[in-house]
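Below is one structure; the comments refer to it alone.
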Amino acid sequence: MAKKRVMSESLKEEIAKELGFYDVVQREGWGGIKARDAGNMVKHAIEMAERGHVKNK
């Protein structure tokens, strides 16, 4: 069964840039980020959705 993507790649990149770890993503891929950064990214995405700043892409 295929995984359902919850966040678009562009949204993930935007949030990573805002939170300051996009350079790690570019160097090492998404697997290279810290668990704390991943958690902060999800938290940020939820906050954006609650404010109505996220649209399904």
> Closest approach of Val24 and Gly32, non-hydrogen atoms and distance?
Replying inline: CG1-O, 3.5 Å
>> Less than 4.5 Å apart, side chain to side chain, heavy atoms only: is that true for Met7 and Ile15?
In response: yes
>> Please evaluate residues Met41 and Phe21 with respect to the criterion side-chain contact (heavy atoms from CB on, under 4.5 Å), reporting the C-alpha separation (whole Å), side-chain torsions for both, the decisive distance (0.1 Å), and the verdict.
In response: CA-CA 10 Å; Met41 189 169 77; Phe21 59 86; 4.1 Å; yes
> Is there a side-chain contact (heavy atoms from CB on, under 4.5 Å) between Met48 and Leu11 once you walk through the steps?
Replying inline: CA-CA 10 Å; Met48 289 174 72; Leu11 178 59; 4.0 Å; yes
>> Going by side chain to side chain contact (heavy atoms under 4.5 Å, CB included), name the residues that satisfy it together with Arg36, two or more places apart in sequence or in a different chain.
In response: Asn40
>> Check this for me: Lys17, atom NZ, are more than 12 non-hydrogen atoms of other residues, nucleotides or ligands nearer than 6.0 Å?
In response: yes
>> Taking side chain to side chain contact (heavy atoms under 4.5 Å, CB included) as the definition, give me every residue that meets it alongside Glu18, ordered by chain and number, with sequence neighbours left out.
In response: Glu14, His44
> Which distance, rounded to the nearest 0.5 Å, do you find between the CG of Asp23 and the CD of Glu28?
Replying inline: 9.0 Å
> What do the steps show when you test Trp30 against Glu13 for side-chain contact (heavy atoms from CB on, under 4.5 Å), and what is the final call?
Replying inline: CA-CA 10 Å; Trp30 291 107; Glu13 290 173 0; 4.2 Å; yes
